[in-house]
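Reading through the structure tokens given below for one structure.
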Amino acid sequence: MADMHAFRDAVSRWAAGGPGEPASDLVVQLGLRTAVLLEGPSDLAAVEALAVRRGRDLAAEGVCVVPMGGAMSVGRYAGLLGPPGLGLRLAGLCDEGEKRFYDRGLKRARVPHRDFFVCVADLEDELIRALGTARVEETIRAEGDLRAWQTFLHQPAQHGRPRRQQLRRFLGTKKGRKIRYGRLLVEALDPGQVPAPLDDLLRSL
């Protein structure tokens, strides 16, 4: 049975130059109405974790969350999935530093900006600020990563840096860690702590 993983794979192949028919067929089979464009898999983990916390079944609602592999791909994905392509409603998150790519790509694809929400640095930074550095370190300890964290802090490049920046860098130092903590940090949030861009995105869907 077709699922959202199959659709994401079909879109990824299409964006890389493959045929578009498999993705088009899956839109109908899955009853899709909205695609959420995200830069990468850690953002995907965070969005899906928050949806679960709120009792949302995005797939059942016709929403597919699509990691694009980087902000510079937004024009391509918006063109394939938005009005010029499959005609899906588009929403998403972007980092403030990458906003120029979104502005150009969404304009070219005739996609309105209203359902795209901006993170100041990136979503990991938003989550660290929302939780506070002490709570993030508690999560690191609970996950058995305390020794790796302490070793990281002893690196000369980390000396004197603000704790929030150290934590953000630590999450990106090992393959898969950022994805895992994208989910874990969302799960650690109190209901009133959800960062505005993430909260606004879920409410828009």
Side-chain angles (χ1 to χ4, degrees), residues 3-9 11-12 30-71 73-74 77-78 81 88-99 102 106 111-143 145 164 167-168 170-172 176-205:
D3 60 15
M4 292 300 180
H5 295 288
F7 178 72
R8 282 196 286 259
D9 289 345
V11 170
S12 179
L30 297 170
L32 294 182
R33 60 178 182 81
T34 300
V36 180
L37 302 182
L38 302 174
E39 290 189 27
S42 62
D43 299 331
L44 167 67
V47 169
E48 291 190 334
L50 184 59
V52 169
R53 280 195 59 171
R54 293 185 171 174
R56 303 271 306 267
D57 184 342
L58 296 182
E61 297 173 24
V63 177
C64 184
V65 186
V66 181
M68 302 180 294
S73 298
V74 66
Y77 276 79
L81 301 179
L88 297 175
R89 172 185 169 235
L90 300 183
L93 291 173
C94 75
D95 302 342
E96 191 170 57
E98 313 291 358
K99 189 174 179 295
Y102 280 72
L106 297 179
V111 174
H113 285 68
R114 65 176 178 268
D115 294 325
F116 284 81
F117 304 94
V118 181
C119 299
V120 173
D122 55 25
L123 185 53
E124 286 77 27
D125 183 65
E126 294 277 357
L127 291 169
I128 292 166
R129 284 192 291 118
L131 276 170
T133 58
R135 287 283 304 281
V136 177
E137 290 189 71
E138 287 175 14
T139 304
I140 290 171
R141 185 179 297 107
E143 284 299 300
D145 286 334
R164 199 174 84 210
L167 286 164
R168 181 170 167 244
F170 174 73
L171 296 183
R177 180 180 286 154
K178 188 184 288 190
I179 300 170
R180 181 161 57 99
Y181 277 91
R183 172 181 59 81
L184 290 168
L185 297 184
V186 167
E187 291 174 349
L189 292 166
D190 293 332
Q193 290 182 310
V194 179
L198 185 57
D199 186 43
D200 290 343
L201 174 64
L202 261 290
R203 291 180 186 277
S204 77
L205 301 177

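Small disclaimer: the values here were computed from a predicted structure and weren't measured.
Among residues at least two apart or in separate chains, salt bridge (Lys or Arg N to Asp or Glu O under 4.0 Å) pairs with a member in residues 117-130 are Asp122-Arg168, Asp125-Arg129, Asp125-Arg164, Glu126-Arg129.
Smallest separation of non-hydrogen atoms from Tyr181 and Ile140: OH-CA, 3.5 Å. For the pair Val65 and Pro67, the tightest heavy-atom approach, listed with the atom from each and the gap, is O-CD, 3.7 Å. Taking each heavy atom of Val111 and Ala78 in turn, the nearest pair found is CG2-CB, 4.4 Å.
The shortest distance between side-chain heavy atoms of Leu171 and Val136 does not fall below 4.5 Å. At a threshold of 4.5 Å between non-hydrogen side-chain atoms, the residues Leu44 and Arg8 count as touching. At a threshold of 4.5 Å between non-hydrogen side-chain atoms, the residues Arg53 and Leu189 count as touching.
Here the NE2 atom belonging to His5 is positioned 9.0 Å from the SG atom belonging to Cys64, to the nearest 0.5 angstrom. In this structure, OG1 in Thr139 is found 11.0 Å from CZ in Arg180, a value given to the nearest 0.5 Å. Atom NE2 of His113 sits about 11.5 Å away from atom CG of Leu90, to the nearest 0.5 Å. Rounding to the nearest 0.5 Å places NZ of Lys178 at 10.0 Å from CG of Leu123.
By the side chain to side chain contact (heavy atoms under 4.5 Å, CB included) test, Ser12 is found to be paired with Tyr77, residues two or more places apart in sequence or in another chain being considered. Among residues two or more places apart in sequence or in another chain, the ring pair (Phe, Tyr, Trp, His ring centres under 6.0 Å) test is passed with Phe170 by Trp149, Phe152. By the side chain to side chain donor-acceptor pair (under 3.5 Å) test, Arg177 pairs with Thr173, sequence neighbours left out.
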What do the steps show when you test Arg141 against Glu138 for side-chain contact (heavy atoms from CB on, under 4.5 Å), and what is the final call?
CA-CA 5 Å; Arg141 185 179 297 107; Glu138 287 175 14; 4.1 Å; yes

Which atom pairs, one a donor and one an acceptor, fall under 3.5 Å between side chains of residues 193-205 and the rest of the protein, sequence neighbours left out?
{"unit_1": "Gln193", "atom_1": "OE1", "unit_2": "Asp190", "atom_2": "N", "d": "2.7"}
{"unit_1": "Gln193", "atom_1": "NE2", "unit_2": "Ala130", "atom_2": "O", "d": "3.3"}
{"unit_1": "Asp199", "atom_1": "OD1", "unit_2": "Arg54", "atom_2": "NH1", "d": "2.9"}
{"unit_1": "Asp199", "atom_1": "OD1", "unit_2": "Arg54", "atom_2": "NH2", "d": "2.6"}
{"unit_1": "Asp199", "atom_1": "OD1", "unit_2": "Arg203", "atom_2": "NE", "d": "3.1"}
{"unit_1": "Asp199", "atom_1": "OD2", "unit_2": "Arg203", "atom_2": "NE", "d": "3.0"}
{"unit_1": "Ser204", "atom_1": "OG", "unit_2": "Leu201", "atom_2": "O", "d": "2.7"}

Donor-acceptor pairs under 3.5 angstrom involving side-chain atoms of residues 31-40: please list them, not counting sequence neighbours.
{"unit_1": "Arg33", "atom_1": "NE", "unit_2": "Glu61", "atom_2": "O", "d": "2.8"}
{"unit_1": "Glu39", "atom_1": "OE2", "unit_2": "Asp95", "atom_2": "N", "d": "3.4"}

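Listed for the Tyr102 side chain is a donor-acceptor partner under 3.5 Å among the backbone atoms of Leu93.
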